[in-house]
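Note that the numbering runs from 1 along the sequence shown for the chain. Keep in mind that this is a model prediction, so the values were computed, not measured.
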Amino acid sequence: VQLVELGGGLVQAGGSLRLSCEVSGRPFRQYSMGWFRQAPGKDRESVAIISWSGQTNYADSVKGRFTILRDNDKNTVYLQLNILKPEDTAVYYCATGNYDTIRTSPSDYIYWGQGTQVTVSS
């Protein structure tokens, strides 16, 4: 199973980025997908999760600013990041596991992408 992330970069506060994650090697549509992030010295945290049916869950810190979407025809999950803040700076990872419902713990995910750096300057 491979997860390939694209779309990180450096952006000014208030700007936007779009991350994508393409999955190969297993059926895509029947499993939940998650975006997580990890800042230096901090634990990995859930950012946004989308279930097989399209139900979503967001961390309080990103509600109203980030949007998770999935395209089952392209085996791809996206994370649209708007109104970015310096505290959003982190390595962002996509992940999937064996659940089809909302799961926010990183330990529930067994396949991970390589991570993509998002840096927001003030």
Side-chain angles (χ1 to χ4, degrees):
V1 180
Q2 278 195 314
L3 286 73
V4 179
E5 299 146 356
L6 296 174
L10 172 64
V11 64
Q12 288 188 328
S16 297
L17 284 172
R18 189 190 198 204
L19 309 183
S20 67
C21 172
E22 184 176 3
V23 180
S24 60
R26 78 186 306 218
F28 176 80
R29 64 179 65 234
Q30 65 199 71
Y31 296 109
S32 296
M33 294 294 304
W35 284 98
F36 296 80
R37 67 185 180 188
Q38 189 166 19
K42 294 189 176 181
D43 292 335
R44 191 168 297 189
E45 63 175 357
S46 170
V47 175
I49 311 295
I50 187 165
S51 73
W52 77 276
S53 63
Q55 183 184 5
T56 58
N57 175 276
Y58 296 95
D60 288 343
S61 59
V62 307
K63 281 181 182 176
R65 301 189 297 121
F66 291 9
T67 303
I68 187 170
L69 296 167
R70 64 188 301 158
D71 185 335
N72 291 333
D73 292 332
K74 296 183 178 179
N75 290 356
T76 300
V77 61
Y78 303 93
L79 186 67
Q80 179 68 40
L81 298 76
N82 295 329
I83 318 175
L84 281 160
K85 304 176 180 180
E87 52 263 43
D88 294 319
T89 295
V91 178
Y92 284 70
Y93 300 89
C94 66
T96 187
N98 291 329
Y99 296 103
D100 59 5
T101 54
I102 298 293
R103 300 274 177 160
T104 60
S105 171
S107 63
D108 287 330
Y109 293 78
I110 57 176
Y111 302 107
W112 292 83
Q114 79 281 5
T116 185
Q117 177 71 46
V118 171
T119 303
V120 184
S121 63
S122 57

Test: K63 and D60 ion pair at under 4.0 Å: yes
Report task. Could you state whether L84 and Y58 fall into the same hydrophobic cluster, counting links through intermediate Ile, Leu, Val, Met, Phe, Trp or Tyr residues with side-chain heavy atoms under 4.5 angstrom apart? Result -> yes
Could you check if a side-chain atom of T96 sits within less than 4.5 angstrom of a side-chain atom of R26, using non-hydrogen atoms only? yes
Rounding to 0.5 Å, atoms CG (L3) and CD (Q114) come to a distance of 8.5 Å
* Asked: Taking it one step at a time, do F36 and Y109 satisfy ring pair (Phe, Tyr, Trp, His ring centres under 6.0 Å)?
  -> CA-CA 10 Å; F36 296 80; Y109 293 78; 5.0 Å; yes
Exactly one of T116, V47, L6, V77 clears side-chain contact (heavy atoms from CB on, under 4.5 Å) with L19, and that residue is T116
task = Could you tell me whether the side chain of I50 reaches within less than 4.5 Å of the side chain of W35, counting heavy atoms only?
result = no
query: Could you go step by step and tell me if W52 and N72 meet the side chain to side chain contact (heavy atoms under 4.5 Å, CB included) rule?
result: CA-CA 9 Å; W52 77 276; N72 291 333; over 6 Å; no
In this structure, CG of D100 is separated from OG of S53 (nearest 0.5 Å) by 8.0 Å
| query | Any side-chain heavy atom of E22 within less than 4.5 Å of one from K74? | reply | no
Interatomic distance, CZ@F66 vs OH@Y92, rounded to 0.5 Å, equals 4.0 Å
4.5 Å side-chain heavy-atom contact, Y93 and Q38: yes
Q. Given side chains that start at C-beta, do those of D73 and R29 come closer than 4.5 Å, heavy atoms only?
A. yes
Exactly one candidate in L69, T76, L79, V23 meets side-chain contact (heavy atoms from CB on, under 4.5 Å) with M33; the answer is V23
- Task: Kindly confirm or rule out a cation-pi arrangement of R70 over F28, judged by NZ or CZ under 6.0 Å from the six-membered ring centre and within 45° of its axis?
- Result: yes
**Asked** Just wondering, more than 12 heavy atoms not from Q12 lying within 6.0 Å of its CD?
**Response** no
Output for pair (C21 SG, Q2 CD), nearest 0.5 Å, gives 11.0 Å
Residues passing the side chain to side chain donor-acceptor pair (under 3.5 Å) test with T67, sequence neighbours excluded, are none
CD1 of I68 to CD of Q80, rounded to nearest 0.5 Å, is 12.0 Å
> How far apart are the C-alpha atoms of T119 and Q117, what are their side-chain angles, what is the distance that settles it, and do they pass the side-chain hydrogen bond (donor to acceptor under 3.5 Å, both in side chains) test?
Replying inline: CA-CA 6 Å; T119 303; Q117 177 71 46; 3.3 Å; yes
